[in-house]
Amino acid sequence: MRKKLIGVLLCITMIAALLAGCGTKPGSNDSGKKIGVAMPTKDLQRWNQDGAYVKEKLEAAGYEVDLQYANNEIDKQVSQIENMITNGCDALVIASINGGSLGTVLKDAKAKKIPVIAYDRLIMDTEAVSYYATFDNYMVGTIQGEYIVEALDLKNQAGPFNIELFTGSSDDNNARFFFGGAMDVLNPYIDEGKLIVLSGQKEFAEVATPGWSTEEAQKRMENLITAYYADGTKLAAVLSSNDSCAIGISNALVNGGFSGDSFPVLTGQDCDITSVKNILAGTQSMSIFKDTRTLAAKVVDMVNAIMEGKEVPVNDKETYDNGTGIIPTYLCEPVFADADNYKELLIESKYYTEDQLK
Ligand code: BGC
């Protein structure tokens, strides 16, 4: 009888342990803490990768994750963040759609002492932002500028070479850093007369692309071709701050009859699959590789440090002022990718499979 009772008790304990095991959240050390992760859109490949990596790494560290995409709609992102706060998240990681539109909702986060990490894009004009993690955005621009300088051999050639300029969305703080970095490299050659912006469109506001839209970039490139290059005038280079714009520019150039040697040097950023394919086909020259796995891992380090009350890893305390003061930042390093090094950067590092680029 006694033996039977012990047997039954043992059975009950084992079943309870099994059931508890089933309910365990993914991750080695379930912290019981919840992190809200707000991403801008699924339209662009990079944000899908960013979201997936951040979620995976946070879960592996024992957090529960609420990951939301807002279809590039500002109101939607605001209400997603509102819900994350209401549902009791312990920290927020936000890649904003419009850096200046989150002040009101984040007041609530600050009142509830929920730390906020701005992811990739700085969130402007709010004291709620605790930290910022991104790639060195200015360096992205200088690498693109230097690529054009080398491709056209501007140090040795007299030119003049025609160039057109495209950057990103004016509501994205990063765009000014990308464009600023590139123009700091290119402006001396423009001043010297070796580079000529035939359209005369050189100011940030004139060359910005609303929403980083491929269609908008394509439309503007088509208009530039019609107005300045339809008679066969040579276009030597197009500066594009990222791949979503470069894809539109490339489409316009291909449709406009540019090919082979007449195809201008065209820059990009993100190593989106479509752009890498264009690089291999000769209809884009380079892109910037920002390994989102590195950024995601850094953000998880930051979250861990905040949650454990430890020193948060940052390596820049002077560059990024969001209008309320400097935000301590971790800058990851971007590198350029082209047809010569893509295999090592993208395939050997297992960022993409060879098949994805076919
Ligand atoms: C990111 C770029 C991206 C662009 C468009 C920027 O804030 O840093 O990597 O291409 O947004 O989504």
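This one's a predicted model, so the numbers in the text were calculated from it and none came from an experiment. The chain is numbered in sequence order, starting from 1. Ligands are counted one by one from 1 in listed order, and the atoms in each one are counted from 1 as well.
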J.: Give the contacting part of Y119 toward ligand 1: side chain, backbone, both or neither, where contact means a heavy-atom distance below 4.0 Å.
T.: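 Contact part for Y119 vs ligand 1: neither.
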J.: Identify, by atom number and element, the atoms of ligand 1 in contact range of N242, meaning under 4.0 Å from any of its heavy atoms.
T.: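 Counting from 1, the qualifying ligand atoms are 3 (C), 4 (C), 5 (C), 10 (O).
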J.: Backbone or side chain, does any N or O of N174 fall under 3.5 Å from an N or O of ligand 1?
T.: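 Yes, since at least one N or O of N174 sits under 3.5 Å from an N or O of ligand 1.
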J.: Would you say N137 has any N or O atom under 3.5 Å from an N or O of ligand 1, going by distance alone?
T.: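 No - when backbone and side-chain N and O of N137 are compared with those of ligand 1, no distance drops under 3.5 Å.
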J.: Answer whether the closest heavy-atom distance between the side chains of T329 and T319 falls below 4.5 Å.
T.: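 Sidechains of T319 and T329: no contact.
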J.: For ligand 1, which atoms have a heavy atom of F178 less than 4.0 angstrom away?
T.: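 The atoms of ligand 1 under 4.0 Å from a heavy atom of F178 are 8 (O).
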J.: Is the ring centre of F258 less than 6.0 Å from the ring centre of Y229?
T.: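 Between F258 and Y229, the centre distance exceeds or equals 6.0 Å.
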J.: W47 heavy atoms, cut-off 4.0 Å: which ligand 1 atoms fall inside?
T.: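 Matching atoms, with element in brackets: 11 (O), 12 (O).
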J.: S199 versus E164: any side-chain heavy-atom pair under 4.5 Å?
T.: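 Touching, per the 4.5 Å side-chain cut-off.
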J.: Counting only heavy atoms, which portion of F135 has something under 4.0 Å from ligand 1: side chain, backbone, both, or neither?
T.: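 It is neither; nothing of F135 touches ligand 1.
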J.: What protein heavy atom is closest to atom 1 (C) of ligand 1, reported as residue, atom name and distance in Å?
T.: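 Here the closest protein heavy atom is D120 OD2, 3.2 Å.
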J.: For the residue pair Y63 and N304, confirm or rule out a side-chain donor-acceptor distance under 3.5 Å.
T.: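 Y63 vs N304: donor-acceptor pair found between side chains.
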J.: Are side-chain heavy atoms of L357 and I347 found at a separation under 4.5 Å?
T.: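 SC-SC contact between L357 and I347 confirmed.
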J.: Taking NZ, NE, NH1 and NH2 as the nitrogens, is one of them in R46 or D120 under 4.0 Å from a carboxylate oxygen of the other?
T.: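 Salt bridge present between R46 and D120.
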J.: So if I count the atoms of ligand 1 from 1 in the order they appear, which ones are less than 4.0 Å from some heavy atom of R121?
T.: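 Result: 4 (C), 5 (C), 6 (C), 7 (O), 11 (O), 12 (O).
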J.: Looking at atom 4 (C) of ligand 1, what's its closest protein heavy atom, distance included?
T.: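 Nearest neighbour among protein heavy atoms for atom 4 (C) of ligand 1, to 0.1 Å: W212 CE2, 3.6 Å.
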J.: Which distance, rounded to the nearest 0.5 Å, do you find between the CE of M124 and the CG of N98?
T.: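 Here the interatomic distance stands at 10.5 Å.
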J.: Check each atom of ligand 1 against the heavy atoms of L44 and keep those under 4.0 Å away; list them by number with element.
T.: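 Matching atoms, with element in brackets: 5 (C), 12 (O).
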J.: Which protein non-hydrogen atom lies closest to atom 10 (O) of ligand 1, naming both residue and atom, and how far is it?
T.: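 Going by distance alone, atom 10 (O) of ligand 1 is nearest to D270 OD2, 2.5 Å.
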J.: Which part of T134 is near ligand 1, with near meaning a heavy atom under 4.0 Å away: side chain, backbone, both or neither?
T.: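 It is neither; nothing of T134 touches ligand 1.
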J.: So, for L295 and T134, which heavy atoms are closest and what is the spacing to 0.1 Å?
T.: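 Looking at all heavy atoms of both residues, the closest pair is CD1-N, 3.6 Å.
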